[in-house]
Amino acid sequence: MKKLLALITFIIPPVLLFAQNNVPDHINNFPNYHPLIVHFPIVLLLIAAAMQIALLFFKNKAFNIAVIILTVLGFITGLLAATVFHAHAASTVSPQAMELFESHEKFAMITIWISGFASAFKIAGLFFHKKWIEIIAVLLLLSSAVTVSIAGHHGAELVYKQGIGPKGEKLENENNH
């Protein structure tokens, strides 16, 4: 299990970064990879939170390992979505859209920090079998579920209400960042 966790944590992200630069032209037609990556942390962190709540009521080592993997992957994919695959709103968008974009980024960064701490607590729980560690993990995962939901809602508003992102519209050129 430790080898699988190491593989997921240290091997897959560099492979994804390498693959980003070596893809067929029809895939390179995407103006930004953010929408392709950002849905992973949303789903992973929501499921991890629900599963962590269940762990408060029954002990199951395999279930606990699954929560750890989901939490760590949620953290990593969130970090990738906010950094490597980050979309930047064009400076020409309305002030309201820019305010919404900044709020979206703020909640995304809060999610990354919280899910990072949740990952650390879940991993610590493997070595220190204390109930308080699991309770803190529940609180952190519930917090990350809330913040990732808010960030996702703001992201949807940017796309569907403000028109930022579809077909690369109202986005800065990625080569500028």
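All residue numbers refer to positions in the sequence shown, counting from 1.
Cluster membership check: F117 does not share its hydrophobic cluster with L139, using side-chain heavy-atom separations under 4.5 Å among Ile, Leu, Val, Met, Phe, Trp and Tyr. In the hydrophobic clustering of this structure, I133 groups with I123; members are Ile, Leu, Val, Met, Phe, Trp, Tyr whose side-chain heavy atoms approach within less than 4.5 Å, directly or through other members. L140 and W113 fall within a single hydrophobic cluster, where Ile, Leu, Val, Met, Phe, Trp and Tyr are joined by side-chain heavy atoms under 4.5 Å apart, directly or via other members. Two different hydrophobic clusters hold V138 and W132 under the rule that ILVMFWY side chains link at heavy-atom gaps under 4.5 Å. Hydrophobic clustering of Ile, Leu, Val, Met, Phe, Trp and Tyr side chains at less than 4.5 Å, counting indirect connections, keeps I114 apart from I135.
Nearest heavy-atom pair, F75 versus S119, reported as atom, atom and distance to 0.1 Å: CB-OG, 3.8 Å.
Residues passing the side-chain hydrogen bond (donor to acceptor under 3.5 Å, both in side chains) test with T111, sequence neighbours excluded: T147. Every side chain to side chain contact (heavy atoms under 4.5 Å, CB included) that E157 has, sequence neighbours left out, goes to L100, H153, H154, K161. The side-chain hydrogen bond (donor to acceptor under 3.5 Å, both in side chains) search around S94 returns Q96, not counting sequence neighbours.
S103 contributes no side-chain N or O that, together with a main-chain N or O of E99, makes up a donor-acceptor pair within less than 3.5 Å.
For the pair I65/L126, a side-chain contact is recorded, criterion being any heavy-atom separation below 4.5 Å from C-beta on.
Residue pairs meeting the salt bridge (charged side-chain N to carboxylate O under 4.0 Å, His left out) criterion with at least one partner in residues 77-94, sequence neighbours excluded, do not occur; the list is empty. Sorted by first and then second residue, the salt bridge (charged side-chain N to carboxylate O under 4.0 Å, His left out) pairs with a member in residues 108-120 form an empty list; sequence neighbours excluded.
Just one of M98, H104, K106 meets the side-chain contact (heavy atoms from CB on, under 4.5 Å) condition when paired with E102; it is M98.
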Side chains of residues 36-61: which donor-acceptor pairs under 3.5 Å do they make with residues two or more places apart or in other chains?
{"unit_1": "H39", "atom_1": "ND1", "unit_2": "P35", "atom_2": "O", "d": "2.8"}
{"unit_1": "Q52", "atom_1": "OE1", "unit_2": "K122", "atom_2": "NZ", "d": "2.8"}
{"unit_1": "Q52", "atom_1": "NE2", "unit_2": "E134", "atom_2": "O", "d": "3.3"}
{"unit_1": "Q52", "atom_1": "NE2", "unit_2": "E134", "atom_2": "OE1", "d": "2.7"}
{"unit_1": "N60", "atom_1": "OD1", "unit_2": "A62", "atom_2": "N", "d": "3.0"}
{"unit_1": "N60", "atom_1": "OD1", "unit_2": "F63", "atom_2": "N", "d": "3.0"}

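Here I112 contributes atom CD1 and T77 contributes atom OG1; the two are 9.0 Å apart, rounded to the nearest 0.5 Å. Note that OG of S144 and CG of L142 are 7.5 Å apart. Values are rounded to the nearest 0.5 Å.
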